[in-house]
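All heavy atoms count here, side chains included; hydrogens, waters and symmetry mates do not. Just so we're clear, the structure is a prediction, and the values are computed from it rather than from any experiment. Note that ligands are numbered from 1 as they come in the structure, with each ligand's atoms numbered from 1 the same way.
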Amino acid sequence: MPVSVRELAYTYGQGHLARKVLKGVTFDVADGEVAIITGPSGSGKTTLLTILGALRTFDEGTVVVNGVSLQDQPTAELLRIRQRIGFVFQRHNLLKSLPVFENVESGLHLLPESDTEMNRARAQAMLSAVGLGDRGNDYPATMSGGEQQRVAVARALVRMPDLIIADEPTAALDSKSGRLVADLTRDIAGKLGCAVIVATHDERIFDIADTRLHMEDGRLVKL
Ligand SMILES: Nc1ncnc2c1ncn2[C@@H]1O[C@H](COP(=O)(O)OP(=O)(O)OP(=O)(O)O)[C@@H](O)[C@H]1O
Ligand SMILES: [Mg+2]
């Protein structure tokens, strides 16, 4: 099971400023499963995703990702866990000064098996998979928002992660580009057999989900 969460609680701040945003969250996501998390703004979706991605530590509950408990891990181990995860964010965070190839290859950096020639071949294969096989030498600024987000998907998937975490990946896109990004994420993740967790308000992509989860004031319910 790539993701197993039990009674996870999370509080921002301390003392009279403390704000409890996750309250006993429990769920699992299986290999190859696509789970969509919906819920109002401020309900805790991004907070949950950053904890699952080993980008934020927590105090209460258990979170197991790819068989490893995230609690009390040293920084080096958290880094290793993050390398097995592909991230896609609303704002794609591509590096403007680097061509598309190098942006995609940045998803491979730090992987132990990484070597330059193989990285380029893998980046090319992944760009072709997202329909941008001929754009590797272009710079992000010369691409549309949807194309840039497809590059971000290629960057997340090129490392062949066990888990994809996407936070509002289609929020900034028109419906056609959003559809394409969602379908590509689903198809490639399906081929790689990795689990996908997407937080989204975008009803247009709900249909890619095997499982719908709904966050309401820090509590998660299955729909
Ligand atoms: N760094 C922070 N410090 C304090 N409070 C925070 C911080 N980040 C988020 N919060 C609060 O935690 C709650 C949950 O925020 P979160 O970003 O997880 O919500 P969300 O469900 O992703 O919302 P949205 O749909 O708007 O992206 C909100 O009330 C927010 O104000
Ligand atoms: Mg959010």
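For the residue pair Q124/S128, the side-chain donor-acceptor check at 3.5 Å is satisfied. Checked by atom type, the side-chain pair E33/T211 shows a donor-acceptor distance below 3.5 Å.
Annotation: atom 12 (O) of ligand 1 to nearest protein heavy atom, V21 CG1, 3.1 Å. With hydrogens left out, the protein atom closest to atom 1 (N) of ligand 1 is Y12 CE2, 3.6 Å, a heavy atom. Of the protein's non-hydrogen atoms, S41 OG, 2.6 Å is the one closest to atom 26 (O) of ligand 1. Given atom 25 (O) of ligand 1, the protein heavy atom at minimum distance is K45 NZ, 2.7 Å. Atom 28 (C) of ligand 1 has as its closest protein heavy atom G42 O, 3.7 Å.
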(message) Between D28 and R6, is the salt bridge (Lys or Arg N to Asp or Glu O under 4.0 Å) condition met? List the steps.
(response) CA-CA 9 Å; D28 295 303; R6 292 290 173 275; 2.9 Å; yes
(request) List the steps and the verdict of salt bridge (Lys or Arg N to Asp or Glu O under 4.0 Å) for D210 and R186. (result) CA-CA 10 Å; D210 299 309; R186 199 204 146 85; 3.5 Å; yes
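For the Mg ion (ligand 2), the neighbouring protein N/O/S atoms at less than 2.8 Å, given as residue and atom, are T46 OG1.
The ring pair (Phe, Tyr, Trp, His ring centres under 6.0 Å) contacts involving residues 163-222 comprise nothing, where partners must be two or more places apart or lie in separate chains.
Considering backbone and side-chain atoms alike, G39 places every N or O at 3.5 Å or more from each N or O of ligand 1. Between T47 and ligand 1, at least one pair of N/O atoms sits closer than 3.5 Å. Among the atoms of G44, some N or O lies under 3.5 angstrom from an N or O of ligand 1.
With a 4.0 Å heavy-atom cut-off, ligand 1 is reached by the side chain of R19 but not by its N, CA, C or O.
Contact annotation: the side chain of L22 approaches that of M215 to within less than 4.5 Å [non-hydrogen atoms, C-beta and beyond]. Between L127 and R135, every side-chain heavy-atom pair lies at or beyond the 4.5 Å cut-off.
For S43, the heavy-atom gap to ligand 1 drops under 4.0 angstrom. Heavy atoms of P40 come nearer than 4.0 angstrom to ligand 1 in at least one pair. For the pair H201 and ligand 1, a heavy-atom separation below 4.0 Å is found.
Ring orientation note: the planes of Y10 and Y12 are nearly perpendicular, at an angle over 60° on the 30°/60° scale.
A salt bridge is absent between R219 and E216: the closest approach of a Lys/Arg side-chain nitrogen to an acidic carboxylate oxygen does not fall below 4.0 angstrom. A salt bridge does not link D207 with R212: none of the charged nitrogens is closer than 4.0 Å to a carboxylate oxygen.
Closest heavy-atom approach to atom 17 (O) of ligand 1 among the candidates T46, I51, D217: T46.
Residue L163 is grouped with residue L55 when hydrophobic side chains (ILVMFWY) are merged at heavy-atom distances under 4.5 angstrom, including chains of intermediate members.
Here the CD1-CG distance, from I81 to N66, works out to 8.5 Å after rounding to the nearest 0.5 Å.
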